[in-house]
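Contents: one structure, followed by commentary.
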Amino acid sequence: MLFGKKAMPEKTTVSIIIPTSGKLDFLQAALSSLDGNLDSGVEILIIDNTQQEIQRFYPLIKRFDRLDLHVIQEPRNGLHFARHAGARAARGELLAYIDDDVICPKGWLENLIRPFIDPTVGCVGGKTIGKFAVTPPEWVKDYPGYFSLLDLGDTEREILFPQETLFGCNFCIRKNVLMEVGGFNPDGFSNPEYYWQRGDGETGLERKIAQTAWRMVYSPSAWLFHQIPQTRLTRDFLIRRAQTQAVSDSFTYYRTHPGLFPLAKGLGLS
């Protein structure tokens, strides 16, 4: 289901895709940071990855009427399903993925898409800076990846995969490249019952891109804030996040070592 205040244009250059599982206060802040800072021809697709009433988005559509804003429902639980729903609906040649809890400064999108001037660039990721609700504990700096924080320096360059990876909260890819490599692998589920089915998401996608001639670029000037609530700054969160990372790493190992675990085929890892 898709609706929006404005008719979708015949073609746009960039589609910003924002998967969400219900954090409307964060989503409102993300949209506020984009409001008035986008050129014409940029659409925003909010992908509702819940089975709640879509009418709850009406106030956002009304408030941000300057944005070419649309909402799509993807009831299948899983970040990869939401990301793919956005890609299928997108009119843009470039797909800019952000999370619903980011804040984008002015010029973010221009800096994110600038490297695509080079026709060999397949995807681009930017620097992600933590915006903490409270002063974070010291251990946070030892686990930046657990909070999707990324700082690979201040020079635009090609990433050194697999030692370096880009994060999906600040990530842009050519739509044809996404389709060419088969899209995202399974990723996070908001329903905790399914967390053990978690895959390796954008890391798995980048592994597939690395096997092609397409280049993957880090752009530090395309930075944004990632909001980190107090609930994520606890020992319990750290333990849960380490557990989910172990599941993701197991998925990666299975994918990169075919034939080692024939019994695991029954788990639906394909």
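A side-chain donor-acceptor contact under 3.5 Å links Asp118 and Thr120.
Taking the side-chain contact (heavy atoms from CB on, under 4.5 Å) definition, one finds that Asp249 meets it with Gln245, sequence neighbours left out. With sequence neighbours excluded, no residue forms a ring-ring contact (aromatic ring centres under 6.0 Å, His included) with Phe116. With sequence neighbours left out, Phe81 forms a ring-ring contact (aromatic ring centres under 6.0 Å, His included) with no residue at all. Residues meeting the ring-ring contact (aromatic ring centres under 6.0 Å, His included) test with Tyr97, sequence neighbours left out: Phe184. Residues satisfying the salt bridge (Lys or Arg N to Asp or Glu O under 4.0 Å) test with Asp48, not counting sequence neighbours, are Arg56. Scored by the side-chain contact (heavy atoms from CB on, under 4.5 Å) test, Pro75 finds Gln51 as partners (sequence neighbours excluded). Lys127 is linked by a salt bridge (Lys or Arg N to Asp or Glu O under 4.0 Å) to Asp151, Asp154, counting only residues two or more places apart in sequence or in another chain. Every residue two or more places apart in sequence or in another chain that forms a salt bridge (Lys or Arg N to Asp or Glu O under 4.0 Å) with Glu74 is listed here: Arg76, Arg88. Every residue meeting the side-chain contact (heavy atoms from CB on, under 4.5 Å) condition with Asp35, not counting sequence neighbours, appears here in chain and number order: Phe64, Arg66, Leu67. In this structure Ile117 satisfies the side-chain contact (heavy atoms from CB on, under 4.5 Å) test together with Arg114, sequence neighbours excluded. A search for salt bridge (Lys or Arg N to Asp or Glu O under 4.0 Å) contacts involving Lys23 returns Asp100, Asp101, not counting sequence neighbours.
Shortest non-hydrogen contact noted between Tyr218 and Gly126 is CE1-C, 4.1 Å. Shortest non-hydrogen contact noted between Glu206 and Leu166 is OE2-O, 2.7 Å. Taking all atoms of both residues into account, the shortest heavy-atom contact from Ile46 to Phe57 is CG2-CE2, 3.9 Å. Pairing each heavy atom of Pro115 with each of Ser219, the nearest pair is CG-CB, 4.3 Å. Between Arg241 and Thr244, the shortest heavy-atom contact is O-OG1, 2.8 Å. Here the closest non-hydrogen pair linking Val217 and Ile159 is C-CG2, 4.3 Å.
Side-chain atoms of Ile44 and Leu38, non-hydrogen and from C-beta on, do get closer than 4.5 Å to each other. You'll find the side chain of Pro19 reaches within 4.5 Å of the side chain of Arg83, heavy atoms only. Using a 4.5 Å heavy-atom threshold, the side chains of Cys172 and Ile113 count as touching. Annotation: side chain of Leu152 is in contact with side chain of Arg157 (closest heavy-atom distance under 4.5 Å). The shortest distance between side-chain heavy atoms of Val124 and Met216 does not fall below 4.5 Å. Within the 4.5 Å cutoff, no side-chain heavy atoms of Leu45 are placed close to those of Ile18. Phe171 places none of its side-chain heavy atoms less than 4.5 Å from the side chain of Thr128. Ile228 places a side-chain heavy atom less than 4.5 Å from the side chain of Leu233.
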So Trp108 and Asn37, side-chain hydrogen bond (donor to acceptor under 3.5 Å, both in side chains) or not? Walk me through it.
CA-CA 9 Å; Trp108 157 77; Asn37 292 327; over 6 Å; no

Take Ile98 and Ile16, measure what side chain to side chain contact (heavy atoms under 4.5 Å, CB included) needs, and give me the verdict at the end.
CA-CA 7 Å; Ile98 58 176; Ile16 299 175; 4.0 Å; yes

Worked verdict on Val247 versus Gln243 for side chain to side chain contact (heavy atoms under 4.5 Å, CB included):
CA-CA 7 Å; Val247 175; Gln243 289 172 334; 5.9 Å; no

With side-chain hydrogen bond (donor to acceptor under 3.5 Å, both in side chains) as the criterion, how do Ser15 and Glu43 come out once you've worked through the C-alpha distance, each side chain's angles and the decisive distance to 0.1 Å?
CA-CA 5 Å; Ser15 298; Glu43 65 178 1; 2.4 Å; yes

Verdict with reasoning, Val121 to Trp214, per side chain to side chain contact (heavy atoms under 4.5 Å, CB included)
CA-CA 6 Å; Val121 172; Trp214 293 104; over 6 Å; no

Do Val71 and Ile54 pass the side chain to side chain contact (heavy atoms under 4.5 Å, CB included) test, and can you show the C-alpha distance, the side-chain angles, and the key distance before you say yes or no?
CA-CA 8 Å; Val71 179; Ile54 200 168; 3.8 Å; yes

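No donor-acceptor distance shorter than 3.5 angstrom exists from the side chain of Ser33 to the backbone of Ile103, with no hydrogens or angles considered. The backbone N or O of Phe147 sits less than 3.5 Å from a side-chain atom of His226, completing a donor-acceptor pair. Side chain of Gln28 to main chain of Leu24: no donor-acceptor pair is present (N/O by atom type, distance under 3.5 Å, no hydrogens or angles). In terms of modelled atom types and a separation under 3.5 Å, the side chain of Glu202 and the main chain of Gly168 share a donor-acceptor contact. Of the possible donor and acceptor atoms, none in the side chain of Glu156 sits under 3.5 Å from a partner among the backbone N and O of Ser221. Proximity of a side-chain donor or acceptor of Lys106 to a complementary backbone N or O of Leu34 within less than 3.5 Å is not detected.
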N/O donor-acceptor pairs under 3.5 Å from side chains in residues 132-146, not counting sequence neighbours:
unit_1	atom_1	unit_2	atom_2	d
Glu138	OE1	Lys141	NZ	2.7
Lys141	NZ	Glu138	O	3.3

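Atoms CD1 and OG1, from Ile47 and Thr20 in turn, are 10.0 Å apart once rounded to the nearest 0.5 Å. In this structure, CG on Asn185 lies 12.0 Å from CG on Leu79, to the nearest 0.5 angstrom. Rounded to the nearest 0.5 Å, atoms CD (Glu164) and CD (Glu158) are 10.5 Å apart. The line from CD1 of Ile61 to CD of Gln55 is 12.0 Å long, rounded to the nearest 0.5 Å. Separating the SG atom in Cys104 from the CH2 atom in Trp223 is a distance of 9.5 Å, to the nearest 0.5 Å. Expressed to the nearest 0.5 Å, how far CD1 of Ile17 lies from CG of Asp99 amounts to 12.5 Å.
Remark: Lys175 does not engage Glu93 in a salt bridge, criterion side-chain N to carboxylate O under 4.0 Å.
Within a 6.0 Å radius of CD in Glu180, other residues, nucleotides and ligands contribute more than 12 heavy atoms.
Phe225 and Leu109 sit in two unconnected hydrophobic clusters of ILVMFWY residues. Membership requires side-chain heavy atoms under 4.5 Å apart, directly or through other members. Residues Met179 and Ile209 do not share a hydrophobic cluster, clusters being chains of Ile/Leu/Val/Met/Phe/Trp/Tyr side chains in contact below 4.5 Å.
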